[in-house]
There are 2 protein chains.
Amino acid sequence: MTETCQSTNCADCNRKLSLFQSLTDGQLDKINESRFEIRFGAGETLIKQGGPLTHIACLTKGLVKIHIENHGGDCFIMSVVRPMTLIIGPGFLRDNRHHYTVTALTESSACFIQVESFKKVLEENSQFALDMIAFLNKKIIRHYQNIGNLAHKHMQGKLAETLIYLSEDVFQSQEFKSNLSRQDLAELTGLTKESVIRVLKEWKEEGIVDSNSDYFKILNKDSLLKIGRNG
Amino acid sequence: MTETCQSTNCADCNRKLSLFQSLTDGQLDKINESRFEIRFGAGETLIKQGGPLTHIACLTKGLVKIHIENHGGDCFIMSVVRPMTLIIGPGFLRDNRHHYTVTALTESSACFIQVESFKKVLEENSQFALDMIAFLNKKIIRHYQNIGNLAHKHMQGKLAETLIYLSEDVFQSQEFKSNLSRQDLAELTGLTKESVIRVLKEWKEEGIVDSNSDYFKILNKDSLLKIGRNG
DNA sequence: CAAATTTATTGATAAATATCAATCAGAAAT
DNA sequence: ATTTCTGATTGATATTTATCAATAAATTTG
């Protein structure tokens with residue numbers, strides 16, 4: 001599975017990642033030295049929760065889900081990620097463990113960079129470090145949304161927020177093929193798959209969201225936003 | 001309410017904050033230049049969600065809660081914070097807005113530092129920036145706990161995790177006076193106050209946790225951990 | 001293509017938790 | 001000390017959502 005770094009995806013990775021904008025050529029070289037790319041089939045695990053955080057990943061191709069697993073085996077999907085995105089967990093500079101699992105939803109590829117070379121570049125480029133802080137703060141803002149949704153919203157509100165997230169943040173379109181099963185959608189909202197199905201049916205009848213297996217089309221965004229806001 | 005910076009608390013602030021360990025005297029001076037301290041009575045608002053993020057706060061005295069408010073007015077308390085702790089929200093380097101409200105639970109004091117001087121020091125001291133990244137990652141790990149609890153746990157599991165959080169992370173003791181009302185406890189767990197009351201009563205009868213108004217004593221930590229883990 | 005397997009859907013039911021209303025207890029005020 | 005007010009507690013009930021079981025549809029496999 002491991003390849004040398006000649007694929008277009010991996011070569012493009014450097015400059016396509018907004019987080020890498022502030023790096024000098026020398027700093028990019030330092031990161032590239034240790035870089036390698038791996039391909040994954042749908043359903044394969046890129047990163048396993050609990051495992052050692054030795055590398056930073058950069059998704060170059062495909063679609064993955066980032067999810068946390070609890071003691072009882074229940075999952076919650078934190079985010080769905082498309083290229084080009086850096087995947088760097090909170091174990092970095094902390095306990096050097098992965099705090100989430102990353103699983104491919106479609107055939108995917110990711111570059112891996114040694115954490116040490118990444119850290120060295122952070123140390124010598126403070127603008128890069130500030131960009132990294134901004135990057136983390138963006139994630140934190142999203143966590144607040146997640147927490148607000150889970151704490152107080154009803155299932156319609158939760159699912160509305162999830163579909164808006166997928167539409168705006170992930171697929172950037174009112175209609176999209178999500179590659180998510182009903183179970184995935186349930187794990188992304190904190191409901192059961194049956195509840196997801198019932199709400200989707202309701203919205204199809206009301207003309208708010210059209211859906212067909214993993215394809216979605218938001219027909220009435222205002223309604224959906226209102227449902228998301230009010231609960 | 002504003003004072004010059006002569007109180008022992010505020011003067012101590014610099015070196016007591018582990019995040020400031022890597023700063024040179026000159027960098028501390030830069031931060032101190034713009035610093036001022038304010039006292040707050042119990043119930044007063046230190047920072048208001050939605051407001052402009054012009055300053056970083058450092059809690060020097062008292063106890064505060066950090067909470068997010070949703071559209072319908074429901075609150076979720078993210079954390080309870082004791083001195084000395086830096087309070088810097090995810091709007092920093094992002095939209096320069098506060099994404100949470102900070103309210104005093106007891107009479108409290110906080111130093112405020114201009115965001116610009118803070119940012120300048122981050123730019124010139126990359127070790128400080130790395131420490132900041134580690135600080136944010138710690139928060140993110142806590143968010144994952146929050147999300148895992150809210151997504152799948154029953155009320156006993158949620159409340160168990162909350163009490164363990166208060167005991168271990170906030171008060172560092174098996175018994176503590178929380179200064180939290182039943183409503184606060186509900187907002188910290190995502191339950192209603194009535195449900196919190198019922199679970200606490202159950203645990204008092206079972207000898208797991210003794211409680212009396214805002215005083216708590218964990219009698220059987222193993223049980224509590226097990227309840228937290230299993231749901 | 002048919003069989004087998006997985007995933008989606010539906011309906012009935014049960015479980016969990018919120019809501020509401022009433023009462024109680026303690027703190028603060030007069 | 002009495003009143004007033006706020007927060008805590010309790011019990012009854014309603015609501016929400018999960019669970020379970022049955023079927024249907026879609027996908028994979030032989």
Side-chain angles (χ1 to χ4, degrees), chain A residues 41-43 65 70 72-77 103 105-107 149-162 177-205 209-216 227 230-231, chain B residues 41-43 65 70 72-77 103 105-107 149-163 177-205 209-216 227-228 230-231:
Chain A
K65 60 178 174 179
N70 75 9
D74 297 316
C75 283
F76 183 80
I77 299 177
T103 304
L105 289 166
T106 66
E107 189 185 301
N149 291 340
L150 289 170
H152 294 297
K153 284 185 180 151
H154 287 179
M155 48 183 199
Q156 284 80 356
K158 288 177 182 174
L159 189 57
E161 296 281 7
T162 296
K177 179 177 160 52
S178 69
N179 284 104
L180 296 165
S181 68
R182 293 291 184 258
Q183 182 61 38
D184 286 329
L185 224 42
E187 289 173 4
L188 200 46
T189 51
L191 304 175
T192 58
K193 62 181 185 308
E194 291 93 338
S195 293
V196 169
I197 287 163
R198 279 181 252 268
V199 176
L200 286 176
K201 186 187 177 187
E202 183 184 309
W203 287 347
K204 187 185 276 197
E205 286 161 0
V209 178
D210 191 31
S211 54
N212 226 299
S213 85
D214 65 344
Y215 164 87
F216 294 88
I227 293 167
N230 299 337
Chain B
K65 58 178 174 180
N70 74 9
D74 297 315
C75 282
F76 184 81
I77 299 176
T103 305
L105 290 165
T106 66
E107 189 186 301
N149 291 339
L150 289 170
H152 294 297
K153 284 185 181 153
H154 288 177
M155 48 184 198
Q156 284 79 356
K158 289 178 182 173
L159 189 57
E161 295 282 6
T162 297
L163 290 183
K177 180 178 159 53
S178 68
N179 285 103
L180 297 165
S181 69
R182 291 293 183 257
Q183 182 61 38
D184 285 329
L185 224 43
E187 289 172 4
L188 200 46
T189 51
L191 304 176
T192 58
K193 61 182 187 307
E194 291 93 337
S195 291
V196 169
I197 287 164
R198 279 181 252 266
V199 176
L200 286 176
K201 186 187 178 189
E202 182 184 309
W203 287 347
K204 188 185 274 197
E205 285 163 359
V209 178
D210 191 32
S211 54
N212 225 300
S213 86
D214 65 343
Y215 165 86
F216 294 87
I227 293 167
N230 297 337

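Every chain is numbered from 1, with letters handed out A, B, ... down the list of sequences.
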Can you tell me the distance, in whole Å, between the [atom1] atom of [X] and the [atom2] atom of [N]?
| X | N | atom1 | atom2 | value |
| --- | --- | --- | --- | --- |
| L159(A) | dT17(D) | CG | P | 12 Å |
| L191(A) | dT16(D) | CG | C1' | 11 Å |
| R182(A) | dA26(D) | CZ | P | 12 Å |
| K201(A) | dA24(D) | NZ | C1' | 13 Å |
| D214(A) | dA26(D) | CG | P | 13 Å |
| H152(A) | dT15(D) | NE2 | C1' | 18 Å |
| Q183(A) | dA26(D) | CD | C1' | 17 Å |
| N149(A) | dT17(D) | CG | P | 13 Å |

Both S213(A) and H154(A) contact DNA chain D. Which one's nearest nucleotide lies toward the 5' end?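 Its nearest nucleotide being more 5', the pick is H154(A).
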First of S181(B) and E194(A) reached from the 5' end of DNA chain D, by closest nucleotide: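 Looking at the nearest nucleotide for each, S181(B) comes out on the 5' side.
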Holding to salt bridge (Lys or Arg N to Asp or Glu O under 4.0 Å), I want the full list of residues that pass it with K153(B), two or more places apart in sequence or in another chain.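 Only E161(B) meet the salt bridge (Lys or Arg N to Asp or Glu O under 4.0 Å) criterion with K153(B).
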Quick check: does any side chain N or O of [X] sit under 3.5 Å from a backbone N or O of [Y], one acting as donor and the other as acceptor?
| X | Y | value |
| --- | --- | --- |
| T103(B) | K65(B) | no |
| R182(B) | S213(B) | yes |
| H152(B) | C75(A) | yes |

Name the first nucleotide and the last nucleotide along DNA chain C (5' to 3') that come under 4.0 Å of a heavy atom in chain A.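 From 5' to 3', the first and last contacting nucleotides are dA8(C) to dA12(C).
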Using heavy-atom distances to pick each residue's nearest nucleotide on DNA chain C, tell me which of R198(A) and M155(B) is more 5'.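 Of the two residues, R198(A) wins.
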Would one find a side-chain N or O of S195(A) under 4.0 angstrom from OP1 or OP2 of dT17(D)?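 No, no such contact exists.
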Hey, does G231(B) reach any base, or is it just sugar-phosphate, or nothing, if we go heavy atoms under 4.0 Å?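 No contact.
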For residues K204(B) and V209(B), determine if any side-chain heavy atom of one lies less than 4.5 Å from a side-chain heavy atom of the other.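 The answer is no, as the side chains (C-beta and beyond) never meet within the 4.5 Å cut-off.
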Of L200(B), L188(B), T189(B), which meets side-chain contact (heavy atoms from CB on, under 4.5 Å) against L163(B)?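 Looking at L200(B), L188(B), T189(B), the match for L163(B) under the side-chain contact (heavy atoms from CB on, under 4.5 Å) is L200(B).
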Checking D184(B) against L105(B) for the side chain to side chain contact (heavy atoms under 4.5 Å, CB included) test, could you report, in this order, the C-alpha distance in whole Å, the side-chain angles of both residues, the deciding distance, and whether it holds? CA-CA 10 Å; D184(B) 285 329; L105(B) 290 165; 3.9 Å; yes
